[in-house]
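Predicted, not measured: the structure shown is a model, and the values here were computed from it.
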Amino acid sequence: MPTILGQNQYGKAENRVVKITRDGDTHHIKDLNVSVALSGDLDDVHYSGSNAHVLPTDTTKNTVFAYAKEHGIESAEAFGLLLARHFVDDTGPIHQARIRIEEYEWERIATSDANSKFIGADEVKHSFVRKGQETRTAQITYDGDSVEVLSGLKDLTVLNSTNSEFWGYIKDRYTTLQEDYDRILATSVSAVWRHNYTGAEQERTPNWEKSYAQTKKHMLHAFAETYSLSLQQTLYQMGSRVINSRPEVDEIRFSMPNKHHFRVDLSPFDMKNEAADGAVYYAADRPYGLIEATVLRDGATPRIPVDMTNL
């Protein structure tokens, strides 16, 4: 039975690159995991094995490290744009490049004044501790004409210890969950947001670092400030806050598992365990409710994949 070639791409995945920038005695660190995927005029390599149009994946790996040295890493998005444009504009058979990046953030270790007279600790500006709040993500796609920039984060775990309820839901013969008027609301936020930047020459390039920091701030503020009757309501408020506050963002998609915290039944020990008195909970890691939704600027076309596992 005859067959034809469908969508295809290739590249080098998970290139771990750490760039240290020295500003005198003050050092700065960028720690990225960069994956490159290229597509274009690649039928022959699949049909006949001819590598005439193939840029070796080892070359793409080398390019990641060389570009980090030659151009530095201003931000994940800016670095991804440089790489994507290089692979498409400088390699004829390659028509599209997709760069996916995870960034692992570090913060400077504050040193102790008490020990400075012994080791000069007050002058140390090159020691860091890995941040554990979330992993920053970026995906840059370039086809020779325009770019699409998706920024994001994952594993941002947040919790409200009150100001959350869950009641009034459908009940059938399989329902055992009790209505709760003062519950813990906790989730691990994964989010991807699409910038309306297309890379056109006359466009102003966003400040990627500021945009990321502000987007995360608005998400956290909305989470903290929403009196929640459902995780869906909180998700929508988080997305709306981002869209209304960041003009460069047209679309944001969330995947938010409900990290359940159930009050422990202490009645066998003749003890009450009420939320208002400061309850004791057990945290259940699975199964978990999974809430997912996209929030859009009015008039924007949704383009972030619904299945975020593909990002």
Side-chain angles (χ1 to χ4, degrees), residues 102 104-107 109-110 129-137 152-193 212-245 252-295 306-309:
E102 293 183 349
Y104 313 114
E105 295 195 84
W106 298 77
E107 61 185 354
I109 296 175
V129 58
R130 172 83 172 267
K131 283 187 177 181
Q133 281 194 347
E134 86 277 1
T135 298
R136 179 174 172 177
T137 63
L153 55 81
K154 61 182 180 180
D155 303 326
L156 180 66
T157 301
V158 291
L159 181 150
N160 281 332
S161 55
T162 189
N163 284 0
S164 175
E165 306 177 16
F166 189 60
W167 53 272
Y169 42 82
I170 296 172
K171 302 177 182 69
D172 64 17
R173 65 194 182 104
Y174 301 112
T175 301
T176 59
L177 184 70
Q178 299 297 306
E179 293 185 336
D180 199 339
Y181 296 86
D182 189 356
R183 67 169 184 167
I184 285 178
L185 179 68
T187 184
S188 180
V189 181
S190 293
V192 175
W193 53 94
Y212 177 85
Q214 290 294 309
T215 298
K216 177 186 170 185
K217 181 193 75 173
H218 290 303
M219 281 193 286
L220 291 176
H221 284 181
F223 179 84
E225 295 168 8
T226 299
Y227 191 105
S228 179
L229 300 177
S230 66
L231 184 53
Q232 287 92 330
Q233 176 197 19
T234 298
L235 179 156
Y236 182 75
Q237 291 300 317
M238 292 167 69
S240 295
R241 186 79 66 97
V242 171
I243 296 296
N244 290 329
S245 303
I252 184 167
R253 183 163 180 83
F254 293 94
S255 179
M256 294 169 58
N258 201 331
K259 301 180 77 68
H260 298 295
H261 289 70
F262 298 108
R263 273 183 287 155
V264 179
D265 180 9
L266 298 178
S267 59
F269 317 115
D270 200 25
M271 299 172 66
K272 292 183 179 181
N273 193 27
E274 301 296 332
D277 299 325
V280 174
Y281 301 82
Y282 73 90
D285 63 343
R286 63 192 63 184
Y288 52 84
L290 182 60
I291 313 302
E292 299 178 303
T294 299
V295 181
V306 170
D307 184 357
M308 289 175 59
T309 60

Among residues two or more places apart or on two chains, list those pairs meeting ring pair (Phe, Tyr, Trp, His ring centres under 6.0 Å) that have a residue in residues 165-188.
-> Phe166-Tyr169, Trp167-Tyr181
Sequence neighbours excluded, every pair satisfying salt bridge (charged side-chain N to carboxylate O under 4.0 Å, His left out) that has a member inside residues 218-235 = Glu225-Arg241
Does a sphere of radius 6.0 Å around CG in Asp270 hold more than 12 heavy atoms from other residues, nucleotides or ligands, not counting ones at 6.0 Å or beyond?
-> no
Above 12 or not: heavy atoms from other molecules or residues under 6.0 Å from NZ of Lys171?
-> yes
Given side chains that start at C-beta, do those of Trp193 and Leu153 come closer than 4.5 Å, heavy atoms only?
-> yes
Report the residue from Leu231, Thr234, Leu185 that forms a side-chain contact (heavy atoms from CB on, under 4.5 Å) with Ser164.
-> Leu185
Mind checking the OH-OG spacing from Tyr236 to Ser230? Nearest 0.5 Å is all I need.
-> 13.0 Å
About how many Å separate CG of Asn163 and CD1 of Ile184, when rounded to the nearest 0.5 Å?
-> 12.5 Å
To the nearest 0.5 angstrom, please state how far the CZ atom of Arg253 sits from the CG atom of Asp307.
-> 8.5 Å
Given Lys154 and Glu102, is the side chain to side chain contact (heavy atoms under 4.5 Å, CB included) satisfied, shown in steps?
-> CA-CA 10 Å; Lys154 61 182 180 180; Glu102 293 183 349; 2.5 Å; yes
Sequence neighbours left out, cut at 3.5 Å: what donor-acceptor pairs do the side chains of residues 254-268 make with other protein atoms?
{"unit_1": "Ser255", "atom_1": "OG", "unit_2": "Glu292", "atom_2": "OE2", "d": "3.0"}
{"unit_1": "His260", "atom_1": "NE2", "unit_2": "Gly289", "atom_2": "N", "d": "3.3"}
{"unit_1": "His261", "atom_1": "ND1", "unit_2": "Lys259", "atom_2": "O", "d": "2.9"}
{"unit_1": "Arg263", "atom_1": "NH1", "unit_2": "Asn273", "atom_2": "O", "d": "3.3"}
{"unit_1": "Arg263", "atom_1": "NH1", "unit_2": "Glu274", "atom_2": "OE1", "d": "3.4"}
{"unit_1": "Asp265", "atom_1": "OD1", "unit_2": "Ser267", "atom_2": "N", "d": "3.0"}
{"unit_1": "Asp265", "atom_1": "OD1", "unit_2": "Ser267", "atom_2": "OG", "d": "2.6"}
{"unit_1": "Asp265", "atom_1": "OD2", "unit_2": "Ser267", "atom_2": "OG", "d": "3.4"}

Closest non-hydrogen atoms of Leu229 and Gln233, given as atom of the first, atom of the second and distance, are N-OE1, 2.7 Å
Partners passing ring pair (Phe, Tyr, Trp, His ring centres under 6.0 Å) against Phe223 (at least two apart in sequence or in another chain) | none
Compare all side-chain heavy atoms of Met219 with those of Ile252 and state whether any distance is below 4.5 angstrom.
-> yes
Contacts of Tyr227 that satisfy side-chain hydrogen bond (donor to acceptor under 3.5 Å, both in side chains) - sequence neighbours left out = Glu165
What's the spacing between Gln133 CD and Leu220 CG if we round to 0.5 Å?
-> 7.5 Å
When rounded to the nearest 0.5 Å, the distance separating CD of Glu134 from OG of Ser188 is 10.5 Å
Minimal non-hydrogen separation, Asp182 against Ala275, with atom names | O-CB, 3.6 Å
Which residue pairs pass the salt bridge (charged side-chain N to carboxylate O under 4.0 Å, His left out) test with at least one member in residues 278-288, sequence neighbours excluded?
-> none
